[in-house]
S.K.: 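Input: one structure, supplied below.
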Amino acid sequence: MLRNLKSLFAALALLIAPAIAHAEEPTKSYPDCGREPTDAEVAAAKGAFQAGNASFNEADYARALDYWEDAYRRDCTANPLLLNLARAYELAGRKRQAVVALETFVAREPNSGEKDQINRRVEVLKKKIAEEDAAAAAAPPTSGTAVAPTVTAPLAPEPVQRAKASPWPFVTMGVGVVVTGVGAASYFGAKAKADELAKQCKDSVHRIDCPASVKTQGDAKNKEMRTDSVVTGVGVAVIVGGAIWWFLDKKSVDRANANQGTWQRPLVAPLVGRQLAGLSLSGAF
């Protein structure tokens, strides 16, 4: 009887061992942020953030997570830190906690321009988690009473997404070229007609002693030329404005790409709270 019970317990251990071996550590939620951090907490958060950056660049994800979790605990208004945490958790093989971090960011930053991209990322992570759970459940147990956990290689860092120049300055300059061309063509057409009418005047140079009908037509052409001059000037101004826009946009893109360095895009997100504004240009404290 005792031998049968031992055999039964051994069989049960073999059945549940794979699930235990593949189970990811429990996830934790982030408490609601109901207060503003003090100056001392902001300063401490900055230090922890920078230390986490150094550890992440050394692929020491566990230490980076400790630093960044500490930074976010001190300044819970710095919601973009959740994107840093999600990436580090994912690289450390803790996909469930990465999902928690991403979903918390979306909940706390509902107007983020990256919301759709983050939601797709959450779907991909959940799909991978389901696939890993299914594979673990289907894997046959090895001999013995325990199954060694499967070690998953860390994901390769996401490629840097470089900033791109806007096409709208070129569109603006193109519109300016068209307007300038139309205005200039109309102006010279009206001028040619006015010169032709002036030949019917006794003094064609000063356009004096002209027939009444010629004078009327000449005045109309002069008015048309003034209007065309304004249109041409507007076109030139649009071209200049588009050129200035292009120059400023190029400078902005160059700065953005220079600041990216070797960061992955989620990590470029600035750590910003109400007392940590102005960090988006460097992606760091």
Side-chain angles (χ1 to χ4, degrees), residues 80 83 106 109-120 158-272 274 276-284:
L83 301 180
V106 172
E109 298 289 341
N111 298 322
S112 170
E114 297 182 317
K115 180 178 179 180
D116 292 339
Q117 178 185 351
I118 292 172
N119 285 333
R120 289 192 296 269
E158 294 178 354
V160 175
Q161 297 185 6
R162 298 184 65 80
K164 296 181 180 179
S166 170
W168 290 110
F170 296 101
V171 174
T172 301
M173 286 188 284
V175 171
V177 169
V178 172
V179 172
T180 301
V182 171
S186 181
Y187 173 86
F188 287 112
K191 185 177 184 303
K193 182 62 175 176
D195 292 342
E196 184 68 23
L197 289 169
K199 294 178 181 180
Q200 302 179 39
C201 300
K202 291 181 179 180
D203 185 350
S204 60
V205 175
H206 300 93
R207 302 184 181 183
I208 300 174
D209 292 335
C210 304
S213 59
V214 170
K215 187 178 184 305
T216 300
Q217 295 180 56
D219 290 343
K221 291 301 176 183
N222 289 333
K223 183 178 179 181
E224 184 178 339
M225 289 166 60
R226 288 193 295 272
T227 301
D228 294 336
S229 297
V230 173
V231 172
T232 303
V234 170
V236 172
V238 171
I239 294 174
V240 172
I244 294 174
W245 185 3
W246 169 82
F247 177 78
L248 295 177
D249 184 59
K250 183 177 183 299
K251 288 288 186 182
S252 177
V253 169
D254 290 343
R255 283 197 302 269
N257 288 330
N259 289 333
Q260 276 188 332
T262 58
W263 290 83
Q264 284 73 37
R265 187 169 186 270
L267 296 176
V268 178
L271 177 56
V272 285
R274 292 184 181 176
L276 299 179
L279 303 176
S280 60
L281 293 179
S282 62

S.K.: Determine the minimum heavy-atom distance between Pro169 and Gly242, stating which atoms define it.
M.R.: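 Looking at all heavy atoms of both residues, the closest pair is CB-O, 3.7 Å.
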S.K.: For the NZ atom of Lys251 and the CH2 atom of Trp246, what is their distance to the nearest 0.5 Å?
M.R.: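 That separation rounds to 9.5 Å.
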S.K.: Does Lys250 have any salt bridge (charged side-chain N to carboxylate O under 4.0 Å, His left out) partners at least two apart in sequence or in another chain, and if so, which?
M.R.: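 Listed in chain order: Asp254.
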S.K.: With sequence neighbours left out, what residues match Lys215 under side-chain hydrogen bond (donor to acceptor under 3.5 Å, both in side chains)?
M.R.: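 Here the qualifying residues are Asp219.
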S.K.: Go through it in stages, so that I can follow the logic: the residues are Asn119 and Val106, the test is side chain to side chain contact (heavy atoms under 4.5 Å, CB included), and I'd like the CA-CA distance, side-chain angles, deciding distance and then a yes or no.
M.R.: CA-CA 8 Å; Asn119 285 333; Val106 172; 3.9 Å; yes
S.K.: Which residue pairs satisfy the disulfide bond (SG atoms under 2.5 Å apart) criterion with at least one member in residues 191-239, sequence neighbours excluded?
M.R.: Cys201-Cys210
S.K.: What is the distance from atom CG of Asn222 to atom CD of Glu224, rounded to the nearest 0.5 Å?
M.R.: 10.0 Å
S.K.: Taking only residues at least two apart or on different chains, which pairs with a member in residues 231-242 satisfy salt bridge (Lys or Arg N to Asp or Glu O under 4.0 Å)?
M.R.: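 Passing the test, one end in residues 231-242: no pairs.
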S.K.: Specify the closest pair of heavy atoms between Ile239 and Met173, including all atoms of both residues, with the distance to one decimal.
M.R.: O-CG, 3.6 Å
S.K.: Specify the closest pair of heavy atoms between Ala190 and Met225, including all atoms of both residues, with the distance to one decimal.
M.R.: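 So the minimum-distance heavy-atom pair works out to CB-CG, 3.5 Å.
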S.K.: To the nearest 0.5 angstrom, please state how far the CG atom of Leu248 sits from the OG atom of Ser166.
M.R.: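 OG of Ser166 is found 12.0 Å from CG of Leu248.
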S.K.: Could you note down all residue pairs passing salt bridge (Lys or Arg N to Asp or Glu O under 4.0 Å) where residues 232-241 supplies at least one of them, sequence neighbours left out?
M.R.: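 Sorted result for residues 232-241: empty, none.
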S.K.: Going by side-chain hydrogen bond (donor to acceptor under 3.5 Å, both in side chains), name the pairs with one or both residues in residues 174-196, residues two or more places apart or in two chains.
M.R.: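 Matches after skipping sequence neighbours: Ser186-Asp228, Lys191-Asp195, Asp195-Arg207.
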